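Note that this is a predicted model, so its numbers are computed, not measured.
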Amino acid sequence: MTSSKREPAAAVLFDIDGTLVDSNYHHVYAWSRAFAEVGIAVDAWRIHRSIGMDGSTLLATLAEDADDDTRARAKELNSRYYKETASLLRPLPGARELLEAVEKLGVQVVLATSAPDDELEILRDVLDCDHLVSAMTSSADVDTAKPKPDIINVALERAGVEAGHAVFVGDAVWDVEACKRAGVVTIALLSGGVSKCELEQAGAHQVFEDAIDLCQHLDDTPIAALANLVGAR
């Protein structure tokens, strides 16, 4: 996304899956079905705990004994089965309101996701908020995504901001770990199905129930400090 006006020197980076769109359990279903079809036994709870992790890392973790061809087939099937659930995807409560509130504060809205481009297109259609977004990323931008910090660094570069002038909003331990490595403060949401305790132990600065809960308490977060930083308040 580009803009003719000069963008504010601060940004909120948003994960999408499990943070803005209720999609994590659709990913669990798709991976479960894909693994079963290629003959790999993986418990669904183990898949859920890996959602938000880079796809190749997820496969290496959950299918460590499988050969490259089997992993590639599982990845292909996962993508197919996930797309079959597209009509069921919905924005999480308050997702659009949160993006609107951040943009209104004069802080850039950046979609910092490692979703493949075809899945990102689906998520963007579900959110219907492209007019609020100043920049975005996808899996095509890095070799390996979360928990490595690469996708965070690309998002910062595209927004034209330093790590200290950004806040990340995500839902997974992998989000928090990636941001710690990139030097970005993380606000975590419970809407991805990860416990508050785990998110806090990983290093999340604050934890809220979902996007609407965060939106209602925005003034009490580092996002409000970003607004002050750019002189928007």
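Under a hydrophobic-cluster definition in which Ile, Leu, Val, Met, Phe, Trp and Tyr are linked whenever side-chain heavy atoms come within less than 4.5 Å, directly or via other members, Leu120 and Leu99 are assigned to the same cluster. Val194 and Phe208 are assigned to two separate hydrophobic clusters, defined by single-linkage of ILVMFWY side chains at heavy-atom distances under 4.5 Å.
Between Asp213 and His217, the shortest heavy-atom distance links the atoms O-ND1, 2.8 Å.
A side-chain donor-acceptor contact under 3.5 Å links Asp67 to the backbone of Asp69. The main-chain N or O of Ala172 is found under 3.5 Å from a side-chain atom of Asp175 such that the two form a donor-acceptor pair. Panel note: side chain Gln108, backbone Ala159; a donor-acceptor pair is recorded below 3.5 Å. Side chain of Arg96 to backbone of Cys129: no donor-acceptor contact under 3.5 angstrom is found. One N or O on the side chain of Asp141 and one on the backbone of Ser138 form a donor-acceptor pair closer than 3.5 Å. With hydrogens and angles ignored, the 3.5 Å screen pairs no side-chain donor or acceptor of Lys196 with any backbone N or O of Ala188. Not one N or O on the side chain of Thr57 forms a donor-acceptor pair closer than 3.5 Å with the backbone of Met53. Judged by distance alone, the side chain of Asp43 and the main-chain N or O of Arg46 form no donor-acceptor pair under 3.5 Å. Between the side chain of Arg90 and the main chain of Asp22, no donor-acceptor pair closer than 3.5 Å is present.
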- Start with the C-alpha gap between Tyr81 and His26, add the side-chain angles, then the distance that decides, and say whether ring-ring contact (aromatic ring centres under 6.0 Å, His included) holds. CA-CA 9 Å; Tyr81 296 142; His26 298 285; over 10 Å; no
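The salt bridge (Lys or Arg N to Asp or Glu O under 4.0 Å) test applied to Asp118 returns Lys83, not counting sequence neighbours. Asp15 meets the salt bridge (Lys or Arg N to Asp or Glu O under 4.0 Å) test with Lys146; sequence neighbours excluded. Applying the salt bridge (Lys or Arg N to Asp or Glu O under 4.0 Å) test to Glu84 and every residue at least two apart in sequence or in another chain returns Arg33.
Side chain to side chain, Ser195 and Glu198 meet the donor-acceptor criterion of an N or O pair below 3.5 Å. Looking only at atom types and distance, the side chain of Asp17 has a donor-acceptor partner in the side chain of His27 under 3.5 Å away. In this structure, a donor-acceptor pair under 3.5 Å is present between the side chains of Asp171 and Thr19.
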